[in-house]
There are 2 protein chains.
Amino acid sequence: MNTTHEVLDFVHDGHKRYLPHLSIDCVIFGYHQHQLKILLIRYHAHTKWSLPGGFIARDETLTQAASRILAEKTQLNDLFLRQFHTFGDSPTRLNELGARQVHNITYSKVGVTIDQNNWLADRTLSIGYYALVDYLDVVVKPEFLVDEYCWRDVNDIPPLLFDHNEIIETALLTLRSQMYQQPIGYNLLPDKFTLPEIHALYETILGRQFDRRNFRKKLLTLGLIRQLAEQKKIGPHRSPFLYEFDSDTYHRSLEEGAVLGF
Amino acid sequence: MNTTHEVLDFVHDGHKRYLPHLSIDCVIFGYHQHQLKILLIRYHAHTKWSLPGGFIARDETLTQAASRILAEKTQLNDLFLRQFHTFGDSPTRLNELGARQVHNITYSKVGVTIDQNNWLADRTLSIGYYALVDYLDVVVKPEFLVDEYCWRDVNDIPPLLFDHNEIIETALLTLRSQMYQQPIGYNLLPDKFTLPEIHALYETILGRQFDRRNFRKKLLTLGLIRQLAEQKKIGPHRSPFLYEFDSDTYHRSLEEGAVLGF
DNA sequence: ACAAAAGTGTTAGCCATACACCCATGG
DNA sequence: CCATGGGTGTATGGCTAACACTTTTGT
């Protein structure tokens, strides 16, 4: 939606293409060098930030919708993307008037008012998905109704629209608990990475520290990573060895689960 | 819905009270004495069985809706009830015609045809909840549109309507993986229970065996259960001791997670 | 030579696992 | 006394956790 005409069409006829009452909200975790951030957007004329989201087209599956929405924002495909919860309890989701007012501020940009019967004024439940990306890989696409976007540190999230703070909270809990049972990193690290790199990744996402020696031992014992003969030049310091994921073990662990047990 | 009039009202005006496009399906696990069963229902004039389900009223929260639907079927409140996944990928959920045909069979009972514009003919996503009950406690309430119900063993589920087999599969996987991280049993055992009873509960739900001695040790070490001085009379055999849950530890483990680590 | 970062091995304690015999009860 | 089911303790191995010094590299 990049023109006034497209937006007006969406407001008036969106319910013909999309399912009303249901949206998808994406918690896009962006990791890079010891920082874990979340992509937030600010809809037109709002002061509060929100999570990026979208609707489910009538002719696409739920998974397709989530991938499409994520790809629209990040221009990236084949990301780590997981459904984690469906939200329908918050008072902000029961109060149709509140939602309508929020939309009215946004859509004032095209001079249209959402009336009580408009599909966007309906009560909407939201299916939460989270994704993990390297935020340096992401070129966020400007959108007509979005004034700005930003990457905010997970520990410094401001009050957001609707129940989006709760959605982030749940996403983070889910991400962390899944990380203890499944390998993570394929999408966040280069093909060949150093031990300090993957070590920092785990420490940052899980928000705690691991002993370097035990960490390496664990990943090697599980067969998740393989040490290479090459080293990486990192300037005025000792050169770390490069490692790569063992694709077989990695994907088997993704499916069957592998207890990291730290 | 127990009269023709109520059903007709639901078919024609249900979209005013309920959110269209979204339903809740409940996987009700019924445990009793070494058996783990699932409650299935057969809608009027259908040959295939289904999961019990329902819609979300416009003025209730998602959690309220799930509890209400469960209470309507089982007459029980305060059950162990958990959302586990939202389903919107199955081809049977994309094909509106198929869903309409299924509904038409059911609603033939009241001589009404669901046309293309009826809200029940819309594509519907389903939010899956699972519950755990003692199936001897359940008195299933007869419903106008339901010809029969039955408790089927989890290992003997026939082909069901729509994607309900997949929903059960996912529910069972979730239940089992949660059971390793959280205590279960409060709703399934009497206040005072014997060790063989809770032992059988775990073995049945998780589908594997545990050494009696190690099992007891584990639960006592975690502080989840407390041994009482009383014993239970069980006929022509040695009387087993009674135990009770330690309410504090139990609820703390529910929230924080407790690794059973068998 | 110094600063910064990476590499490396051992030990102790806990916990999961495996395992078999005796006891109580009612018929 | 017999059949059935319940109660109980120990030993082993593996895994987690804790811990500090040396090596490399560039300036």
Side-chain angles (χ1 to χ4, degrees), chain A residues 33-35 179-181 183 189-190 192-204 206-244 249 253 257-262, chain B residues 33-35 176-177 179-181 183 189-190 192-204 206-244 249 253 257-262:
Chain A
Q33 293 217 333
H34 290 252
Q35 304 235 291
M179 196 151 172
Y180 282 109
Q181 307 206 268
L189 294 170
K192 298 177 180 179
F193 50 87
T194 68
L195 210 65
E197 282 169 347
I198 192 172
H199 181 236
L201 172 71
Y202 272 78
E203 287 197 337
T204 305
L206 290 174
R208 48 171 291 218
Q209 314 223 108
F210 298 102
D211 180 89
R212 293 211 304 275
R213 290 162 283 193
N214 295 337
F215 183 80
R216 171 170 181 274
K217 222 180 300 171
K218 188 73 192 175
L219 264 52
L220 284 174
T221 305
L222 286 173
L224 276 179
I225 60 173
R226 251 194 312 263
Q227 184 165 2
L228 303 174
E230 308 166 63
Q231 285 166 282
K232 184 178 176 179
K233 285 262 177 286
I234 55 159
H237 306 298
R238 179 167 181 173
S239 308
F241 281 98
L242 286 166
Y243 291 77
E244 64 183 8
T249 312
S253 310
V259 179
L260 291 198
F262 287 113
Chain B
Q33 295 216 333
H34 291 253
Q35 304 235 291
R176 287 185 171 156
S177 96
M179 197 152 170
Y180 282 109
Q181 307 207 269
L189 294 170
K192 298 175 179 180
F193 50 87
T194 68
L195 211 67
E197 282 169 349
I198 191 172
H199 182 234
L201 172 70
Y202 272 78
E203 287 197 337
T204 306
L206 289 175
R208 47 172 291 216
Q209 314 223 108
F210 298 102
D211 180 87
R212 293 211 305 275
R213 291 163 283 195
N214 297 335
F215 183 80
R216 171 170 181 274
K217 219 181 305 171
K218 187 73 193 174
L219 264 52
L220 285 175
T221 304
L222 286 173
L224 276 178
I225 61 173
R226 250 194 312 264
Q227 184 164 3
L228 303 173
E230 308 166 63
Q231 286 166 280
K232 184 178 179 179
K233 286 262 177 287
I234 54 160
H237 308 297
R238 179 168 181 173
S239 307
F241 282 98
L242 286 167
Y243 292 77
E244 65 183 10
T249 312
S253 310
V259 179
L260 291 196
F262 288 112

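The figures that follow rest on heavy atoms only: side chains count, while hydrogens, waters and symmetry mates do not. Residue numbering restarts at 1 for every chain, and letters A, B, ... go by the order of the sequence lines. From a predicted model like this one, the values you see are computed outputs, not experimental measurements.
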Point to revise | 5' precedence on DNA chain D between A/K233 and A/R208 (nearest-nucleotide basis) | key: A/R208
Rounded to whole Å, how long is the line connecting atom [atom1] of [X] with atom [atom2] of [N]?
X      : N      : atom1 : atom2 : result
B/Q209 : C/dC19 : CD    : P     : 13 Å
A/F215 : C/dA6  : CZ    : P     : 13 Å
A/L220 : C/dG7  : CG    : P     : 11 Å
A/F210 : D/dC19 : CZ    : C1'   : 17 Å

Practice item. Identify the heavy atoms of A/M179 and A/L201 that sit nearest to each other, and give their distance. Key: CE-O, 4.4 Å
Review point. What string of B, S and - do you get for nucleotides 3-10 of chain D, 5' to 3', when a contact is any protein heavy atom under 4.0 Å?
Key: -BBBBBBB
Exercise for review: Indicate yes or no: does B/E244 engage B/K192 in a salt bridge with an N to O separation below 4.0 Å.
Suggested key: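 A salt bridge is absent here (no side-chain N lies under 4.0 Å from a carboxylate O).
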Identify, with sequence neighbours excluded, every residue that meets side chain to side chain contact (heavy atoms under 4.5 Å, CB included) alongside [X].
X      : result
A/Q227 : A/R216, A/F241, A/Y243
B/R238 : none
B/S177 : none

Exercise for review: Supply the atom-to-atom distance A/I225 CD1 to A/L219 CG, rounded to the nearest 0.5 angstrom.
Suggested key: 4.5 Å
Point to revise | End-to-end axis angle, where each axis spans five pairs of the helix from C/dA1-D/dT27 to C/dG27-D/dC1, to 10° | key: 0°
Check your understanding: Between B/K218 and C/dA16, does any side-chain N or O lie under 4.0 Å from OP1 or OP2?
Key -> yes
Pair up each side-chain donor or acceptor in residues 193-200 of chain B with any protein partner under 3.5 Å, not counting sequence neighbours, and list the distances.
unit_1, atom_1, unit_2, atom_2, d
B/T194, OG1, B/E197, N, 3.2
B/E197, OE1, B/T194, N, 2.9
B/E197, OE2, B/K232, NZ, 2.6
B/H199, NE2, B/E203, OE2, 3.2
B/H199, NE2, B/F210, O, 2.8

Review point. Do the non-hydrogen side-chain atoms of B/L222 and B/S253 ever get within less than 4.5 Å of each other?
Key: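 B/L222 vs B/S253: side chains apart.
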